[in-house]
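In what follows, a structure is listed as structure tokens, so that the remarks can point back to it.
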Amino acid sequence: MNRNEDNYQSATFDFEALDACPFCDGAAMVPNGKIEWFGVDFWYVFCPACGLKFMNPRPTRESYKDFYKNLFWQQKIRNAGFHKEGQMWQSGKYKWDDEKKWDPKEGLENRLEKHREQRAKTIIPVVASAISLGADSRVLEVGCGFGVTLSEFKKKYQCKVFAVEPSDEAQKTIKDFNIELLGSYAEDLENIGKRGEKFDAIVFSHSLENTIDPVSIVRFAKECLLKSGIIYIQTPNLLVFDQMNPYHPYIFSHASLQFLAQRLGLTYKRVSEPKDKMLTVILNAKC
Ligand SMILES: [Zn+2]
């Protein structure tokens with residue numbers, strides 16, 4: 001059995017379809033692209049009212065839960081995830097994407113190095129310029145993968161760091177980094193907030209687009225913010241990086257994230273440039 005057949009057998013999904021846009025409840029949905037992965041179709045629509053692009057029909061939350069717990073990072077670190085050329089304007093290749101570096105044994109170290117270079121070095125300066133960071137600061141990353149960024153926050157600013165991450169494989173590394181794991185899924189933010197746990201910064205780096213209900217997730221995150229706390233979101237930018245893949249029920253744009261912030265009573269600031277392939281925004285609870 002080759003690697004692809006193995007993945008196909010492991011990744012099966014149940015699907016559900018939406019009648020309206022989950023951001024603005026608009027009923028008009030324009031077909032807007034499709035991909036296929038091991039014989040399974042994933043179709044997208046675009047909402048002309050708020051600018052949201054989303055997968056419809058899409059896998060159910062239960063299907064995704066199993067996928068993220070048991071397969072997502074296990075596939076990513078072996079470079080066995082979904083790939084499709086032509087979704088990114090002016091696309092390039094990184095040194096970490098060299099096929100030879102994706103040996104199952106060395107894949108993890110390669111992935112950690114890529115995260116250190118691409119995520120930690122991108123996220124930390126943006127958060128540090130929005131709030132003051134120090135030993136008393138509490139930083140939570142939702143979907144932190146192996147915890148590389150949180151570990152760098154701790155090294156650089158001695159922050160208290162917390163994680164939400166579904167992958168069994170990634171959770172082992174999080175433990176090795178001595179990062180406190182508060183939950184497995186973004187939906188756990190609801191209970192984290194109810195327990196009274198609050199944070200100065202909540203980071204979603206390439207994770208909000210993977211959730212089934214980002215409106216609720218950001219609402220829960222808002223409830224978890226300390227006074228002057230921020231929500232950091234980084235996600236593919238629809239304008240130049242239309243990243244359709246089986247793990248992305250959503251592809252956000254400046255317009256759709258701004259709409260979401262407004263709906264939830266959060267201030268919105270875009271920190272990336274319009275042509276940047278990653279859309280980076282900071283949300284604040286309004287005073
Ligand atoms: Zn909409």
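The structure displayed is predicted, hence computed values, not measured ones.
- Salt bridge status for E273 with K275: absent, with no side-chain N to carboxylate O gap under 4.0 Å.
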Notebook entry, point to check: Passes side chain to side chain contact (heavy atoms under 4.5 Å, CB included), I192 versus F220? Steps please.
Noted result: CA-CA 9 Å; I192 292 168; F220 299 149; over 6 Å; no
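- Contact check for E62 versus D14: no side-chain heavy atoms found under the 4.5 Å cut-off.
- With a 4.5 Å cut-off on side-chain heavy atoms, F177 and V161 do not count as touching.
- The two residues A201 and V127 come nearest to each other via the heavy atoms CB-CG1, 4.0 Å.
- In this structure, Y64 is not a member of the same hydrophobic cluster as V142, with clusters built from ILVMFWY side-chain heavy atoms closer than 4.5 Å.
- Within the 4.5 Å cutoff, the side chain of S256 has heavy atoms near those of the F23 side chain.
- Salt bridge absent: R219 and E223 never bring a charged side-chain N and a carboxylate O closer than 4.0 Å.
- The hydrophobic cluster containing I233 does not contain I251, counting ILVMFWY residues as joined when their side-chain heavy atoms lie under 4.5 angstrom apart, directly or transitively.
- Expressed to the nearest 0.5 Å, how far CG of L279 lies from CD of E209 amounts to 10.0 Å.
- Centroid-to-centroid, the aromatic rings of Y247 and F42 stay 6.0 Å apart or farther.
- In this structure, Y232 and T280 have side chains that are in contact, with non-hydrogen atoms separated by less than 4.5 Å.
- Annotation: side-chain contact (heavy atoms from CB on, under 4.5 Å) contacts of S184 (sequence neighbours excluded): Q171, D188.
- Annotation: the span from E187 atom CD to D213 atom CG amounts to 7.5 Å, rounded to 0.5 Å.
- For the pair R119 and E152, the salt-bridge criterion is not met [side-chain N within less than 4.0 Å of a carboxylate O].
- Taking CD1 of I35 as the reference point, atom NE2 of H248 lies at 9.5 Å (rounded to 0.5 Å).
- Within a 6.0 Å radius of CG in D41, more than 12 heavy atoms belonging to other residues, nucleotides or ligands are found.
- Contact between K198 and R138 at its shortest, heavy atoms only, is O-NE, 2.6 Å.
- P274 and R270 get closest at one heavy-atom pair: CG-NH2, 3.4 Å.
- Both I131 and V203 are assigned to one and the same hydrophobic cluster, defined by single-linkage of ILVMFWY side chains at heavy-atom distances under 4.5 Å.
- When atom types are taken as modelled, the side chain of K160 and the backbone of A135 share a donor-acceptor pair closer than 3.5 angstrom.
- Aromatic ring pairs are classed by plane angle as parallel below 30°, tilted from 30° to 60° and perpendicular above 60°; the pair W37 and F13 is tilted.
- Looking at heavy atoms from C-beta onward, K154 lies in side-chain contact with N178 at the 4.5 angstrom threshold.
- Going from atom CG of L239 over to atom NZ of K277 covers 14.5 Å, rounded to the nearest 0.5 Å.
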Check: Would N237 and S272 satisfy side chain to side chain contact (heavy atoms under 4.5 Å, CB included), going step by step from the backbone distance to the final call?
Finding: CA-CA 10 Å; N237 175 10; S272 54; 5.8 Å; no
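- Only one option out of L257, L208, V281 pairs with T235 in a side chain to side chain contact (heavy atoms under 4.5 Å, CB included); it is L257.
- In this structure, the separation between CE on M278 and OG on S205 is 8.5 Å, given to the nearest 0.5 Å.
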Next item on the list: Starting from the C-alpha separation in whole Å, work towards a yes-or-no answer on side chain to side chain contact (heavy atoms under 4.5 Å, CB included) for F204 and L283.
Entry: CA-CA 11 Å; F204 293 89; L283 311 181; over 6 Å; no
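- Shortest non-hydrogen contact noted between A186 and T211 is CB-CG2, 3.9 Å.
- Between the CZ atom of F252 and the CG atom of L260 there is a distance of 7.0 Å, given to the nearest 0.5 Å.
- Between Y268 and H254, the ring planes lie tilted relative to each other; the angle falls in the 30° to 60° range.
- For Q262, the CD atom is loosely surrounded, since the number of other residues' heavy atoms within 6.0 Å does not exceed 12.
- A pairwise comparison of heavy atoms in L189 and C224 identifies O-SG, 3.6 Å as the closest pair.
- Y44 and F54 are not part of a single hydrophobic cluster, where members link through side-chain heavy atoms under 4.5 Å apart.
- If you chain together hydrophobic residues whose side chains sit under 4.5 Å apart, L18 and M55 never meet in one group.
- Side chains of C24 and L52 form no contact here, defined as non-hydrogen atoms less than 4.5 Å apart.
- Side-chain contact between H206 and P236 is present, with at least one heavy-atom pair separated by less than 4.5 Å.
- Side-chain contact between L238 and F46: present, with at least one pair of heavy atoms (C-beta onward) separated by less than 4.5 Å.
- Among all heavy-atom pairs drawn from C50 and C21, the shortest one is SG-SG, 3.6 Å.
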